[in-house]
A.B. asks: 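One structure, as structure tokens, below. Some questions next.
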Amino acid sequence: MSRLVKKSPSVCTDLPLDNADICNKLRLMRELLGSCYGPTGRLKQIHNNIGGRVVTTSSSSVLLPAIASSEPFVNLIRTSILHHVRRFGDCGLFAAIFCLSLVEQAKQSGLRAKAVIRSNEHLASLCTDYLKQGGCGCKVKLDLCSGRDLVALARSVVSSKPACVLTEPECVHISRLAVRAFLLTVPCDTPGSVSLGQTVRVSVEGLPVTHSAVVPGLLVDTAEDVYLSQPCSLPHPLVLFSASLAGDLSELGDGLIEVHPRVDSDSQVLSQLLELGNQVVRDGVKVFVCQKVIHPVLQLYLTSHGVTVVERLGVTLMEPLIQLTGAQPVATLHSAVQPTAYGQVGGLSVRRFGSKTMLHLQACGESAICTIILCHRNETMLNELKVTCQKAEHVLRLALREPSALRGGGCTETHLAAYVRRQSKSEVPALGRGCSQTEYLRAAEAFCRSLESVARSLEHDGGTSTIDPTHAHRWTRPSDVATERRGVGAGCCGCGSLDGRETWTSAEFPPADLLRDASVQPGVLDSFTAKLNALQVAVETANLALDVRYVIRDVN
């Protein structure tokens, strides 16, 4: 008999932001995420205390799911940022750091939560309206016909992931591959509505990064002794099965199966499989693909009749193969294959990458399916490289919707901070009875400090971040530089469009426009769409956190 335990009452936390333990956890989370931000960010090793693999990363899409907290208030913020990352693929660390800085600055300012929330809402709309303007000083128009702009955008994503451990030539090589793979997924001369294709990522451990490549078509893992059919004419007819062809009775479906005692069920199923193989051979099929397992006898029968056999394709490659060949997956082995289910392959060859032997399937005509082979020295770096290339592809796709980018390296944040300060001083909006003019100005200053704190989070080597008043760009003075004449930066600014020869002089907003000269182009770019949404998500999440009155947790 089970023992009955009295249910414990729920734990209620009043005003969670007045709780020292919760505030300390939020501060630690901001410091942890801030230390991962940017190309020189510090890596984090994540390990479950009950065992499992050790993950080394600085990517928000890997880091945020792994740092779940026992505190619901912290998980509220983490989950909100994760929703942004899963939808836009980039700027997750920016959104998290900015959100946590807004909450921290609001607490330090001593303002009422209602006044801060109203002010933040107005300041966020002020920033988004400014970023959407054609004359925005931190916005860069992308030329989608220029490979230089696309490579610069992809390179900003690749270089911001130090866990990939790439040298400068390797970083450029991967960025170019990401752009090429993206362009291969964009269909050409397609009437009507256009849908983008897919990029399949294949990882090869042990080879140098420079051996990474992009090939049009699909690469499928196969046995080393795969038989290649040599038909007299092209294209190669192909059939695709989604049902298991291993001969198991369990594949027949749910429910009871009645078998006569004198009937050999294995022989009956094998006979059905061979009849299926006989049909596809009669129909001239030269490539036989199955998502699951194929019976060895059926494999032998097919190869003896000149058919190339691929088994264990997996559910991930089903959709790319369908798009590439036009085949319709066959879900049963107990009926004849319809002629409309067959697909076609334009080219068939075997390619080897390190220890992997892969079958290369090419489309008959134009296809928006390609495969990128990613090589690296060990599994940890390779896993991070796969995540990074996926993010780069996502950012490039967002550029099709809005062919614009923002200055990277913290220069957009400092520019927005300068803009907000100027607007808040020139005109104070009427926010209603819940916020006075003094409260709005203090909240605006806290908003600007939060933006600048994100820019300062890019520095991890002891240097000093500086904002010049002429262009409102972010500069970093290395820690080993003793003294420098005021107004002269070291090296280039964060986005790379200014060098150290620029002299800083006091100037009113808007800062000097550098993009009138076509030769001046930032070297570090951020996704416009992803960062704009990250800004909105950060402000909305911070306002939600400031507005929480009670946290009720069931501890049973």
A.B. asks: On a heavy-atom basis, which atom in Ser101 and which in Arg30 lie closest, and how many Å separate them?
C.D. replies: OG-CD, 3.6 Å
A.B. asks: Given Leu406, which partner from the list Val524, Leu131, Leu525, Leu532 fulfils the side-chain contact (heavy atoms from CB on, under 4.5 Å) test?
C.D. replies: Leu131
A.B. asks: Quick test of your reading of the model: are Glu452 and Arg474 salt-bridged, counting only N-O distances below 4.0 Å?
C.D. replies: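 No salt bridge links Glu452 with Arg474.
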A.B. asks: So that I can tick it off, tell me whether Asp90 and Lys531 are bridged by a salt bridge, with the cut-off set at under 4.0 angstrom between side-chain N and carboxylate O.
C.D. replies: no
A.B. asks: Which heavy atom of Cys171 sits nearest a heavy atom of Val158, and at what distance?
C.D. replies: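 Smallest heavy-atom distance, with atoms named: SG-CG1, 3.8 Å.
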A.B. asks: Are Arg449 and Glu104 close enough for a salt bridge, meaning some N to O gap below 4.0 Å?
C.D. replies: no
A.B. asks: Would you name the heavy atoms of Ser58 and Leu93 that are closest together and state the gap between them?
C.D. replies: O-CD1, 3.6 Å
A.B. asks: Once rounded to the nearest 0.5 Å, what's the spacing between atom CG of Leu313 and atom CD of Gln291?
C.D. replies: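 Interatomic distance, Leu313 CG to Gln291 CD, rounded to 0.5 Å: 7.0 Å.
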A.B. asks: What do you reckon, are the aromatic ring centroids of Phe73 and Tyr550 less than 6.0 Å apart?
C.D. replies: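 Ring centres of Tyr550 and Phe73 not closer than 6.0 Å.
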A.B. asks: Do Arg401 and Leu398 touch side chain to side chain, with heavy atoms closer than 4.5 Å?
C.D. replies: yes
A.B. asks: Check whether any side-chain N or O of Ser125 sits under 3.5 Å from a backbone N or O of His122 as a donor-acceptor pair, and report yes or no.
C.D. replies: yes
A.B. asks: If we count only N and O atoms by modelled type, under 3.5 Å, do the side chains of Glu384 and Thr57 hold a donor and an acceptor together?
C.D. replies: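 Per modelled atom types, Glu384 and Thr57 side chains form a pair under 3.5 Å.
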A.B. asks: Got a salt bridge between Glu393 and Arg201, using NZ or NE/NH1/NH2 to carboxylate O under 4.0 Å?
C.D. replies: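 Salt bridge flag = yes for Arg201 with Glu393.
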A.B. asks: Supply the atom-to-atom distance Ser119 OG to Arg442 CZ, rounded to the nearest 0.5 angstrom.
C.D. replies: 11.0 Å
A.B. asks: Is the shortest distance from a Lys or Arg side-chain nitrogen in Arg42 or Asp461 to a carboxylate oxygen in the other one below 4.0 Å?
C.D. replies: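 Asp461 and Arg42: salt-bridged.
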A.B. asks: Return yes if some donor-acceptor pair links the side-chain N/O of Ser212 with the main-chain N/O of Val209 below 3.5 Å, else return no.
C.D. replies: yes
